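Since this is a predicted model, take the numbers as computed values, not measurements.
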Amino acid sequence: MSEPKPCPVCGGTEFSVGFEETERGVAAFLICDACDEVDGTRGPLGQPCGTDVDAENEAILAWNRFVDKHNG
């Protein structure tokens, strides 16, 4: 499993995971614990998966792409 890159807004490294049920399975997204309440920093949904663990891994990959675009 990959590690999430630091938040591009505040540099935080602590994250929560949110889950959404979709027609294709469960999808997840990362939420920066440090700046969520102020800035609402939430990553994009990862690819839908069959399990929460796989969905969380996809959310980390989606978060890291989001950080790369934001910092790029």
Side-chain angles (χ1 to χ4, degrees):
M1 177 166 85
S2 297
E3 290 294 318
K5 294 180 179 182
C7 176
V9 176
C10 73
T13 57
E14 298 293 321
F15 302 95
S16 298
V17 181
F19 294 93
E20 289 185 16
E21 290 291 330
T22 71
E23 291 179 9
R24 296 180 7 217
V26 64
F29 55 91
L30 294 187
I31 304 161
C32 176
D33 290 342
C35 68
D36 176 51
E37 290 191 23
V38 175
D39 294 316
T41 305
R42 168 190 150 156
L45 278 175
Q47 293 293 317
C49 298
T51 68
D52 288 357
V53 171
D54 289 341
E56 185 174 346
N57 288 333
E58 286 294 322
I60 292 170
L61 295 174
W63 173 266
N64 287 345
R65 288 190 298 270
F66 165 73
V67 170
D68 288 344
K69 281 184 182 180
H70 191 276
N71 291 334

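- Applying the side chain to side chain contact (heavy atoms under 4.5 Å, CB included) test between Cys32 and each of Ser16, Pro6, Cys10 identifies Cys10 as the sole match.
- Remark: the backbone N or O of Glu3 is paired with a side-chain donor or acceptor of Asn64 at under 3.5 angstrom.
- Residue Phe29 belongs to a hydrophobic cluster whose other members are Ile31, Leu45, with links defined by side-chain heavy atoms closer than 4.5 Å.
- Each of Val9 and Ile60 belongs to its own hydrophobic cluster when Ile, Leu, Val, Met, Phe, Trp and Tyr are linked at side-chain heavy-atom distances under 4.5 angstrom.
- Listed by first then second residue, pairs satisfying ring-ring contact (aromatic ring centres under 6.0 Å, His included) with a partner in residues 46-72 read Phe15-Trp63, Trp63-Phe66, not counting sequence neighbours.
- Residues Cys49 and Glu58 share a closest heavy-atom pair of SG-CG, 3.5 Å.
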**Request:** Go through the steps to decide whether Gln47 and Leu61 satisfy the test side-chain contact (heavy atoms from CB on, under 4.5 Å), and finish with yes or no.
**Result:** CA-CA 9 Å; Gln47 293 293 317; Leu61 295 174; over 6 Å; no
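- The pair Arg42-Glu20 counts as a salt bridge, with a side-chain nitrogen and a carboxylate oxygen less than 4.0 angstrom apart.
- From Thr41, atom OG1 reaches atom CG of Asp33 across 11.0 Å, with rounding to the nearest 0.5 Å.
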